[in-house]
Amino acid sequence: KNNEDRGDALDDFKVLIDGPENEELNKSSDKPKKINIIPKGNGEYEVNYSIPDPNKYKISVMCNDQHVGKSPFYVNVISGAFADNTTATGPGLTNGIKSCEPTEATIFSRDKENKLRTNDRDEFEVIIESPNKFKTTLPKTAISSNNDGTYSVNFHYDSVGKHKVSIKTSGKDIKNSPFMVDVVPGCDADKCEAYGEGLMTPTEGEETSFIIEAKDSQGNDRAPKADLFDIEIVDQDFTSVPYQVIPDENKPKYKVVYTP
């Protein structure tokens, strides 16, 4: 009454949602699966709700059977991604993916009619659980819309073994989620080594070389000829210098030959 916080008092709040063909929600204040009012303290309450169909709805927020300020609210609910029809695929969800190497997956966002959604406003959550049960939620920046109903997810695995990848929308797993992915040791840049005359004091105009040794995330030798390296050699004018990579047939070593 005096516009003061009510603290932790359990006021008699009700939230009523009225809309076309939605009689179940008309009396949903006593249905926690649809509407849930959570006291947050200091007179603040959090209201979580879900609406099954897109349309225009009236939301009435009541306290002691009276509308709170600005209630009722009129909202236009648009169609969202339907988890049961939304799918994901890609190398990042395939057994045998290498640890510590960039990978990706593609989410196909579909509605209730199983049509691709192209409004690029759907939100997804990707959670990776490692073999030791450590969970990592990918940042939103790792998921980007392709503006055609698909979303690209860019990430990497930090460890080897079986990982559980959960992809959710509106808190619900999409079709076939969680995905079980067996990750094998991959080339780890932090463990690899490069050495040789070509990295120390090469002579201008004379052919020189250096060696790259490939290691996995556990510090073990990789299989021979199993990896590709991004190499850039430039001169003092920042002009690219051509080079040749010669893999060892029996060891995880790569000889890089160039002429400065």
Side-chain angles (χ1 to χ4, degrees), residues 79-192 194 212 214-232 240 245 247 252 254:
S79 176
F82 190 62
D84 291 342
N85 290 339
T86 297
T87 58
T89 186
L93 302 177
T94 305
N95 287 333
I97 188 70
K98 298 175 183 177
S99 65
C100 300
E101 296 186 4
T103 188
E104 65 177 2
T106 301
I107 300 172
F108 295 82
S109 179
R110 293 186 171 88
D111 59 20
K112 275 191 172 183
E113 284 69 44
N114 207 31
K115 296 179 181 178
L116 278 174
R117 292 172 42 75
T118 56
N119 67 3
D120 76 7
R121 290 185 292 177
D122 294 325
E123 293 188 358
F124 296 95
E125 183 181 33
V126 180
I127 304 170
I128 300 176
E129 183 176 326
S130 66
N132 62 4
K133 306 302 180 182
F134 181 77
K135 294 183 179 180
T136 300
T137 300
L138 295 184
K140 290 185 177 181
T141 53
I143 306 172
S144 58
S145 171
N146 298 314
N147 300 311
D148 59 0
T150 68
Y151 294 75
S152 294
V153 186
N154 295 283
F155 62 105
H156 68 273
Y157 294 98
D158 290 324
S159 57
V160 299
K162 290 191 178 297
H163 289 66
K164 182 167 73 173
V165 182
S166 300
I167 303 178
K168 301 174 181 285
T169 181
S170 299
K172 184 176 181 180
D173 280 293
I174 68 170
K175 188 174 182 179
N176 297 325
S177 176
F179 301 86
M180 302 306 298
V181 182
D182 192 8
V183 180
V184 300
C187 188
D188 188 340
D190 290 336
K191 299 292 193 301
C192 293
I212 300 174
K215 305 281 187 178
D216 64 24
S217 58
Q218 311 301 311
N220 301 314
D221 286 345
R222 295 278 293 146
K225 303 172 66 173
D227 301 297
L228 295 175
F229 292 90
D230 292 323
I231 302 170
E232 183 181 23
S240 294
V245 179
Y254 302 79

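None of the values given here were measured: they were computed from a predicted structure.
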Fill in: Donor-acceptor contact present, side-chain Arg117 to main-chain Phe82, <3.5 Å
no
Worksheet item: With sequence neighbours excluded, what pairs up with Asp84 under the salt bridge (charged side-chain N to carboxylate O under 4.0 Å, His left out) test?
Response: Lys172
Worksheet item: Heavy-atom distance under 4.5 Å between the side chains of Val245 and Phe229, does that happen here?
Response: no
Practice prompt. Supply the atom-to-atom distance His156 NE2 to Asn154 CG, rounded to the nearest 0.5 angstrom.
Written response: 12.0 Å
Worksheet item: How close do Ala81 and Asp122 get, heavy atom to heavy atom, and via which atoms?
Response: N-OD1, 3.6 Å
Practice prompt. Any chance you could measure Ile107, atom CD1, to Thr89, atom OG1, to the nearest 0.5 Å?
Written response: 11.5 Å
Worksheet item: Which heavy-atom pair separates Asn147 from Ser145 by the least distance, and what is that distance?
Response: N-OG, 3.0 Å
Discussion item. Is it the case that the side chain of Asn85 and the backbone of Lys112 share a donor-acceptor pair, with hydrogens and angles ignored and the cut-off at 3.5 Å?
Written reply: yes
Discussion item. Please check: side-chain N/O of Glu101 versus main-chain N/O of Cys187, any donor-acceptor pairing under 3.5 Å?
Written reply: yes
Worksheet item: Between Asn95 (side chain) and Asp182 (backbone), is there a donor-acceptor pair under 3.5 Å?
Response: yes
Worksheet item: How far apart are the closest heavy atoms of Ser159 and Val183, and which atoms are they?
Response: O-CG1, 3.3 Å
Item to complete: Measure across Val184 and Val160 and return the closest heavy-atom pair with its distance rounded to 0.1 Å.
Response: C-CG1, 3.7 Å
Practice prompt. Mind listing the closest non-hydrogen atom pair of Thr87 and Ile174 along with its distance?
Written response: C-CD1, 3.8 Å
Worksheet item: Do Met180 and His163 have side chains that get closer than 4.5 Å, going by heavy atoms?
Response: no
Discussion item. Would the distance check show the side chain of Ser152 and the main-chain N or O of Thr106 forming a donor-acceptor pair, the cut-off being under 3.5 Å?
Written reply: no
Practice prompt. Just do the side-chain contact (heavy atoms from CB on, under 4.5 Å) check on Ile128 and Phe155 with the steps written out, would you?
Written response: CA-CA 10 Å; Ile128 300 176; Phe155 62 105; 3.6 Å; yes
Worksheet entry | Donor-acceptor under 3.5 Å (Thr169 side chain, Glu123 main chain) | yes
Discussion item. Suppose the criterion is salt bridge (charged side-chain N to carboxylate O under 4.0 Å, His left out): which pairs have a residue in residues 142-155, not counting sequence neighbours?
Written reply: none
Worksheet item: Any sub-3.5 Å donor-acceptor pair from Tyr157's side-chain atoms to Ser130's backbone N or O?
Response: no
Worksheet item: When rounded to the nearest 0.5 angstrom, what distance separates CG in Asp111 from OG1 in Thr118?
Response: 9.5 Å
Item to complete: Drop me the distance from Thr86's OG1 to Arg110's CZ, to the nearest 0.5 angstrom.
Response: 7.5 Å
Worksheet entry | For Tyr151, all residues meeting ring-ring contact (aromatic ring centres under 6.0 Å, His included), sequence neighbours excluded | Phe124
Discussion item. Please report the interatomic distance NZ(Lys215) to CG(Asp221), rounded to the nearest 0.5 Å.
Written reply: 4.0 Å
Fill in: Distance (rounded to the nearest 0.5 Å) between Glu125 CD and Ser166 OG
9.0 Å
Discussion item. Would you say that Ile212 contacts Ile231 through its side chain, given a criterion of any heavy-atom pair below 4.5 Å between the two side chains?
Written reply: yes
Response to the item:
For Phe134 and Thr136, the nearest pair of non-hydrogen atoms, with its separation, is CE2-OG1, 3.3 Å
Item to complete: Spell out, as yes or no, whether a donor-acceptor pair under 3.5 Å connects the side chain of Ser99 to the backbone of Gly186.
Response: yes
